[in-house]
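Index from 1, following the sequence.
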Amino acid sequence: QVQLVESGGGLVQPGGSLRLSCTASGSMFSINTMGWYRQAPGKERDLVASTRVGSTYYADSVKGRFTISTDNAKNTVFLQMNSLKSDDSGVYYCNADILVASSKLLVNFWGQGTQVTVSS
């Protein structure tokens with residue numbers, strides 16, 4: 001069974017930095033796209049950044065401050081978040097499109113979420 005496990009959230013002051021990690025485990029042929037979504041209280045879950053071979057995407061609100069990267073050998077995606085603002089607070093969810101070995105189907109998976117709070 002494939003699962004995504006996140007880590008790295010926490011409390012940080014405005015202007016500070018955090019690095020989120022998400023590792024996929026289980027029986028997989030390949031990972032197509034990995035990304036991070038953010039959900040603030042009372043708001044929808046929005047895409048923050050995503051990456052696949054040859055391309056990356058960033059929401060306008062995080063361009064120049066956040067960087068998404070991967071360690072393909074470890075099936076891990078990172079989100080380096082710098083110059084954090086209070087508006088960046090929320091639960092961050094890892095998301096991935098994974099070709100599952102047992103079914104040979106491309107399936108979308110979510111992590112359990114990690115809380116990021118930016119506050120003084």
Side-chain angles (χ1 to χ4, degrees):
Q1 183 176 352
V2 175
Q3 62 177 349
L4 303 178
V5 178
E6 302 129 332
S7 62
L11 173 64
V12 63
Q13 293 186 343
S17 298
L18 280 175
R19 189 192 197 204
L20 306 182
S21 300
C22 171
T23 298
S25 63
S27 183
M28 303 171 284
F29 275 134
S30 63
I31 301 175
N32 284 18
T33 303
M34 298 190 84
W36 292 93
Y37 286 71
R38 175 173 69 200
Q39 187 167 26
K43 295 187 177 181
E44 295 184 351
R45 189 176 299 186
D46 294 323
L47 179 62
V48 174
S50 66
T51 183
R52 60 180 298 168
V53 175
S55 68
T56 57
Y57 164 86
Y58 293 99
D60 287 342
S61 61
V62 306
K63 283 181 180 177
R65 299 187 298 120
F66 290 12
T67 303
I68 190 169
S69 61
T70 58
D71 183 338
N72 294 328
K74 296 182 179 180
N75 296 323
T76 299
V77 62
F78 304 98
L79 187 67
Q80 178 66 42
M81 305 185 293
N82 299 328
S83 302
L84 283 162
K85 308 174 183 178
S86 58
D87 288 347
D88 295 319
S89 296
V91 180
Y92 283 70
Y93 295 92
C94 179
N95 181 268
D97 291 325
I98 296 175
L99 188 60
V100 178
S102 59
S103 63
K104 299 182 178 60
L105 294 175
L106 189 65
V107 180
N108 186 257
F109 291 91
W110 289 94
Q112 80 283 359
T114 184
Q115 178 70 45
V116 172
T117 303
V118 184
S119 175
S120 55

(Q) Tell me whether Gln80 contacts the main-chain N or O of Arg19 through its side chain, where contact means a donor paired with an acceptor under 3.5 Å. (A) no

Q) Closest heavy-atom contact between Pro14 and Ser120? A) CD-N, 3.7 Å

Q.
Rounded at 0.5 Å granularity, tell me how far OH in Tyr57 sits from OG1 in Thr33.
A. 13.5 Å

Q) In the single-linkage hydrophobic clustering (I, L, V, M, F, W, Y; side-chain heavy atoms under 4.5 Å), do Val116 and Leu4 co-cluster? A) yes

(Q) Test: disulfide (SG to SG under 2.5 Å). Region: residues 14-66. Which pairs qualify, not counting sequence neighbours? (A) Cys22-Cys94

(Q) Working to the nearest 0.5 angstrom, can you tell me the gap between Gln1 CD and Ser25 OG? (A) 9.0 Å

Q) Does any donor atom in the side chain of Thr76 or Thr23 lie under 3.5 Å from an acceptor atom in the other side chain? A) yes

Q | Pairwise distance CG(Leu79) to OH(Tyr58) - rounded to 0.5 angstrom | A | 7.5 Å

Q | Side-chain heavy atoms of Ile31 within contact of Thr70, under 4.5 Å | A | no

Q: Look at the side chain of Glu6 and the backbone N and O of Gln112, then say whether any donor-acceptor pair between them is shorter than 3.5 Å.
A: yes

(Q) Holding to side-chain contact (heavy atoms from CB on, under 4.5 Å), I want the full list of residues that pass it with Val100, two or more places apart in sequence or in another chain. (A) Val2, Ser102, Ser103, Val107, Phe109

Q.
Taking Gly90's backbone N and O only, do any of them form a donor-acceptor pair with Arg38's side chain (distance below 3.5 Å, no angle check)?
A. no

(Q) Going by side-chain contact (heavy atoms from CB on, under 4.5 Å), Val62 matches just one of Asn82, Asp87, Thr67, Val48. Which one? (A) Val48

Q: Examine distances only and state if a side-chain atom of Thr114 and a backbone atom of Gly9 form a donor-acceptor pair shorter than 3.5 Å.
A: yes

Q) Linking I/L/V/M/F/W/Y whenever their side-chain heavy atoms sit closer than 4.5 Å, directly or via other members, would Met81 and Leu47 fall into one cluster? A) no

(Q) Measuring from atom CG of Leu84 to atom OG of Ser119, what distance do you get when rounded to the nearest 0.5 angstrom? (A) 12.0 Å

Q. Is it true that Leu106 and Phe29 fall in one hydrophobic cluster, defined by side-chain heavy atoms closer than 4.5 Å?
A. yes

(Q) Salt bridge check, Lys85 against Asp88: does any charged N sit closer than 4.0 Å to a carboxylate O? (A) no

Q: Following the transitive rule for hydrophobic clusters with a side-chain heavy-atom cut-off under 4.5 Å over Ile, Leu, Val, Met, Phe, Trp and Tyr, establish whether Leu18 and Leu11 coincide in one cluster.
A: no

(Q) Against Leu20, only a single residue in Trp36, Phe66, Phe78 fulfils side-chain contact (heavy atoms from CB on, under 4.5 Å); can you say which? (A) Trp36

Q | Single-linkage hydrophobic cluster Met28~Val77, side-chain heavy atoms < 4.5 angstrom | A | yes

Q. Taking side chain as C-beta onward, heavy atoms only, is Tyr93 less than 4.5 Å from Arg45?
A. yes

Q: Please round to the nearest 0.5 Å and tell me the distance separating atom CD1 of Ile68 and atom CZ of Arg52.
A: 13.0 Å

Q. CG/Asn32 to CG/Leu99 distance, rounded to the nearest 0.5 angstrom?
A. 7.0 Å

Q. Taking all non-hydrogen atoms of both residues, which atom of Ala101 and which atom of Ser27 are closest, and how far apart?
A. CB-OG, 3.0 Å

Q: Mind listing the closest non-hydrogen atom pair of Met34 and Ala96 along with its distance?
A: CG-CB, 4.0 Å

